[in-house]
Amino acid sequence: MAPHEIRRPFKRRPISDQQKRRELSLLRQSQHRSDAQQRARNLASSVISLQSSSSDVDPEILFEAVPELDEGTESESSSFDVRQASRLRGPEARKWFARQLMLPEWMIDVPDNLSRDWYVLARPAGKRCFVVSSDGTTVSRVRNGSILHHFPSALPGGARKKGASGPANSYSILDCIFHEFDQTYYVIDMVCWRGYSLYECTAEFRFFWLQSKLAETGACDPPSFYHKFRFSAVPFYNCDQTGLHSAYTGSLPYVKDGLLFYNKHAHYHTGNTPLVLIWKDESCSQYVIDTDNNGEVPNQQHIVLELQEEGKLVTSDDPPVPFSCLNADFVKQSGLLSGSLIRFAIGDGGLNCVDGRFEKADLQYIGVSNRARAFADSYSKIMFQYMARHSPLKVEDLASTISHENQQDKTPEVEMSD
Amino acid sequence: MAMEVTQLLINAQSIDGTVRKHAEESLKQFQEQNLAGFLLSLAGELANDEKPVDSRKLAGLVLKNALDAKEQHRKYELVQRWLALDMSTKSQIRAFLLKTLSSPVPDVRSTASQVIAKVAGIELPQKQWPELVVSLLSNIHQLPAHVKQATLETLGYLCEEVSPDVVEQEHVNKILTAVVQGMNAAEGNNDVRLAATRALYMALGFAQANFNNDMERDYIMRVVCEATLSPEVKIRQAAFECLVSIASTYYEKLAHYIQDIFNITAKAVREDDESVALQAIEFWSSICDEEIDILEEYGGEFAGDSDVPCFYFTKQALPGLVPLLLETLLKQEEDQDLDEGAWNIAMAGGTCLGLVAKAVGDDIVPHVMPFIEEKISKPDWREREAATYAFGSILEGPSADRLMAIVNAALTFMLNALTNDPSNHVKDTTAWTLGRIFEFLHGSTIETPIITQANCQQIITVLIQTMKDAPNVAEKACGALYFLAQGYEDIGPNSPLTPYFQEIIQSLLSVAHRDDATESRLRTAAYEALNEVVRCSTDETSTMVLQLVPVIMLELHNTLEGEKLSMDEREKQNELQGLLCGCLQVIIQKLGSEPTKYMFMQSADQMMGLFLRVFGCRSATAHEEAMLAIGALAYAAGPDFAKYMPEFYKYLEMGLQNFEEYQVCAVTVGVVGDVCRALEDKVFPYCDGIMTQLLKDLSSNQLHRSVKPPIFSCFGDIALAIGEDFEKYLRYSMPMLQSAAELSAHSSGADDEMMEYTNSLRNGILEAYSGIFQGFKNSPKTQLLIPFAPHILQFLDSIYMEKDMDEVVMKTAIGVLGDLADTLGSHVGGLIQQSVSSKEFLNECLSSDDHTIKEAAEWAKHAITRAISV
């Protein structure tokens, strides 16, 4: 006898796995569609609108000699995508771009699982910059947002030239270091490629993409009329013994300035992040210890802190780490404004740490910092510099951590990339 | 005009194929060349008592098929053709039909009843044939019994065919009066009484007003209840079917009768013929369905706001109802677990018990536990099986807190029964019960886990062992493993299944390869469990999933090598291909992203080659599965997918042309979206072909309507991928979008299902607009879109004013407003400011609790501010 039309035999499965697969596919497709639309709407999802980021940097403090074009035409706008941002001019653009780089913390202790979860690469010496190719031109901007070069390139949309660089509205954003000596942009990270945002991709993917895509465009070719500077991808290694050794001692076409460590799983995060680390010693960098304005290493460590309300002095971290306090009368007398960046020297009292946390500092006031600076120092930078002067973290420490990890972790791991 | 068709109709039933075919063609030709003559001839044949019964019956059937068809578009055509016939032809046909109702031949009368109902179904909504009901009922009391029977049957079919709102209440009253009088015990003729009872079943939907009237309702209920006591079994069954229908249609009117109905149903379940007892149980199942729905609404957002209050009939009936149902569990048939189509009183009783548990929750437990405890260890397998079935049945409904102690105590016993019970039935039900335990009481939402470090090993060992048992038992064990894995879906990085992963995979593969795996859908269950185990696996086991890739690929390869298979073997082969493609699809989704992607993609070429070969075999299921798998692969491969396009394209096109197996078409449309997102502008060379097919699909009235909204969404995917190059398709796609938008703007009077469809259509249209606007953004060709802006804004305004869109549409709609402003900017600033959408609708979305709507609205707000500030 047939079951009642609405009663299925109770012991049979209510929905088939095929139906489940179908539904999951639909779900996946609609999710991807909405992601694609979201990307189209707001290409860089981590873009910070001008309004929300306007509080701590006054564009007037910045100065720059680049000619300003149609300044202010878009100053009414409150939300930007990268393409629009690329058309920003003057202070607005500087302010916006100053916020877009992912900034490494300084390595003050060795992270766990270095050999499994991290890449290492030798940082080229030079100016860190953001390179945006779009609408037939390429613009590079250094860390404080000011323009370094304005030039044609073989990057997608990077020159007014038909052909290889793809559709007119494609654009790319690269995180680079400009190496003066061979006039080459060394690409350390890829943020957007042909209009496709990589912000939400892991470093593992971005590096893979960078290595495979950059060369396709001809951007690595020698300079030509439509391609003023050569680009080159920085080689990266898994941070095991061999990788660390290659990055540290390997011979490279550029002058090294320390080692960069990237956590493989980290997304591109604007601003300071503990998932990218910088480490230096004398043998891989000429600039381990900060120099003063005259290029000389001062006797005392200098640090720059930001003055906040009620005389509080803080680092550039998010959230800021409070370091000290200025006397209210002193602030008044010196005419210091909240938000000013102030330079101090660390006195003989040094920095006192308890359980790895900063507790107290012997600070000596020097004066208002160089006006070209956009940020105060970060906590990790201050600590690294302090350690470099007193008890530096040595390359042997890194190597021994890795070999220690390997002994502990003998389970075979399959490398899924490279 | 009429023609002699007797010989043709007899030939059309000839056993000689040539004769039959010739006759069929002649009939078809006649129908095409002279519809009126054809129909009239058929009606004349049907009405003529001197003609052979066989030709008359076929005449009626052909006539019926000329009035109605399953496919919507065909049905519509037939209706239009009937309505276009001249009045005199139609009157003659009607007269023939009514005359046939008095024929002495029962089959002929019955055929005529159905044809009359079909004609009525077309004509009554057009206010034609208004005298039908009156002429049927005019002298019903004086009619001979066989004519009375035919008339009542006709009224039943008529009620089934037409909707209540086209029949005047006065006529409804007459119909019901005639029907209920025909059911009355005073009616001496059983055929008449049976016809009347069946007619009432169909007419119940017309009786809304009569059920609101106490006296009339009492009368109907009394007559129905009396009919359940008729000496004739068919009448008793039909009367219980009426009660079942009343339970769902007039639940809120039953309080007064429920005690009597309980007594009647209890007696029927215990003593009556099985066909009657099944309907008596079904009455309680329907009551449970109603109460579960009502209580669900109570628990929902608008507590206590349900239209119908819950009368808790089930809860009140528990002390009598549960023992009644438990008794039925002991009436199992031998081998019912081996027969796919089996349905008997024990199965119906168990199903009802499960519904009772869902309706009353914790309260059922004390009524069932004594039965379980008493019978679970009895020597008779029937008692052990019934006890286990009862236990399995009540696992959904009562709270985890209430069940936890019992389940924990039972677990060891059940694992033992699975290993040692001599009865196949008991093992089957035990494995099923374990599956239910894992389905409802195991997972991240349950506070105290059933599966612990202490017993996990044992559970898995026993399940794996049971997978070697008889196919029906092994199938249930696979099902249990499925839910066991599902419970660890969101476990985080470390799954308790990891230590057993390899063993589980190996065992499932062995089960799938058993010689008897095609029995009891064992092979399907094994792959389904494998899929779920893979889906719920963590990174710890990704290397093992990677190792599965070549294994499944080899199996799929082997199915493609088979030569000269019989029909039956081929069918099994296709089913297996479907399962393997499904499995690969799950694996692709699991491994196709970081960090396994690059390793996995090394198999992509081979895998794609296999999928393409699957398309070479004719099987809709395998096609659909291969297509879904390719969609997942396209997403994983990204732009690299371009290399497969030259070969894959023709199958994509074939899929889009598959109107009949619309699931294949629907899945293919989805894959076009995947391909667009993977290839972006590289999809352009294929777009002419794809767009042509999609436009054909949209204009086809053969294609199932559910495929149409995704086709519109697909326009958006294409536009987003190829950007301004979409220009060439604007003049085809925009008018289609526009007319679909007009159709879907208003939904007045639609039922829930229609409303849902309307909203999915709106969503598709809006996604198309979004994709097109975004695709054209920053292009000099943007201005091509300006002429469409007024209509699109108007569409947004009108769906806003209708106040009936769901959240999904709301989000898409406000996004379109933003996209329009973003892409067209100052060109449409004025237009936007005039629209309601940019004010009330936007504000409503800005203050939405749904963050995705809010996010889209923020975006729209910025875009509009920019557009109107310039």
Side-chain angles (χ1 to χ4, degrees), chain A residues 1-4 6-13 16-18 20-22 24-26 28-30 32-42 49 73-74 76-81 83-84 135 166-170 194-196 201-202 204-205 208 213 264-265 412-418, chain B residues 274-275 278 282 285 337 341-344 347-348 350-351 354 393 429 432 476 479 527-528 531-532 543 546 578 582 585-586 589 594-599 621 625 628 631-632 635 667 670 673-674 677 681 713 716-717 720 723 767 770-771 774 777-779 815 818-819 822 859 862 865-866 869:
Chain A
M1 186 168 300
H4 186 277
I6 58 163
R7 299 269 166 252
R8 81 196 148 76
F10 197 27
K11 279 166 100 176
R12 308 218 201 293
R13 208 77 64 66
S16 73
D17 194 68
Q18 188 190 18
K20 180 167 178 171
R21 284 197 292 281
R22 215 179 266 151
L24 286 173
S25 280
L26 286 174
R28 175 181 61 77
Q29 284 163 350
S30 83
H32 291 159
R33 173 177 297 129
S34 104
D35 290 351
Q37 270 167 6
Q38 198 54 39
R39 259 203 311 275
R41 281 181 191 158
N42 208 344
S49 79
T73 45
E74 294 203 56
E76 290 300 312
S77 315
S78 54
S79 172
F80 288 86
D81 66 22
R83 284 178 56 77
Q84 285 164 321
D135 288 336
N169 57 353
S170 89
R194 290 197 191 282
Y196 176 79
C201 299
T202 61
E204 194 167 31
F205 179 78
F208 163 79
K213 293 291 156 190
K264 293 181 188 176
H265 313 293
E413 278 283 332
V414 175
E415 279 304 329
M416 301 301 174
S417 61
D418 306 311
Chain B
E274 191 172 30
S275 64
L278 284 174
E282 185 57 33
S285 291
D337 292 322
W343 185 247
N344 56 43
M347 294 168 90
T351 304
S393 300
T429 305
W432 168 77
K476 300 292 190 301
Y527 282 113
E528 287 181 349
N531 291 346
E532 194 65 12
T543 31
L546 263 172
Q585 184 210 334
V586 171
Q589 298 215 51
E594 318 294 333
T596 38
K597 182 170 166 176
Y598 306 109
M599 193 66 120
T621 315
E625 294 283 6
L628 282 171
Y635 175 68
V667 159
D674 284 327
R677 284 183 288 276
D681 52 341
S713 307
D717 297 338
L720 200 54
E767 286 187 331
S770 254
Q774 286 301 337
K777 191 176 159 187
N778 294 324
S779 148
D819 294 331
D822 185 37
W859 147 257
H862 286 311
T865 313
R866 243 177 296 152
S869 69

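Worth knowing before you read on, the calculation uses all heavy atoms, side chains too, and leaves out hydrogens, waters and symmetry mates. So you know, we letter chains A, B, ... as the sequences are listed, proteins then strands, and number each from 1.
- Proximity of Asp822(B) to Arg866(B): side-chain heavy atoms (C-beta onward) are separated by under 4.5 Å at one or more points.
- Enclosure of atom OH in Tyr527(B) by more than 12 non-hydrogen atoms of other residues, nucleotides or ligands within 6.0 angstrom is indicated.
- Only the side chain of Arg28(A) comes within less than 4.5 Å of a heavy atom of chain B; its backbone N, CA, C and O stay farther away.
- Contact tally against chain A (heavy-atom pairs below 4.5 Å) for Ala632(B), Gly578(B), Gly716(B), Ala348(B): the top residue is Ala632(B).
- Between Asp674(B) atom CG and His32(A) atom NE2 the span is 8.0 Å, to the nearest 0.5 Å.
- Interface remark: Glu532(B) contributes side-chain atoms only to the contact with chain A (heavy atom separation under 4.5 Å).
- Looking only at distances, no side-chain donor or acceptor of Gln585(B) sits under 3.5 Å from a matching main-chain atom of Leu628(B).
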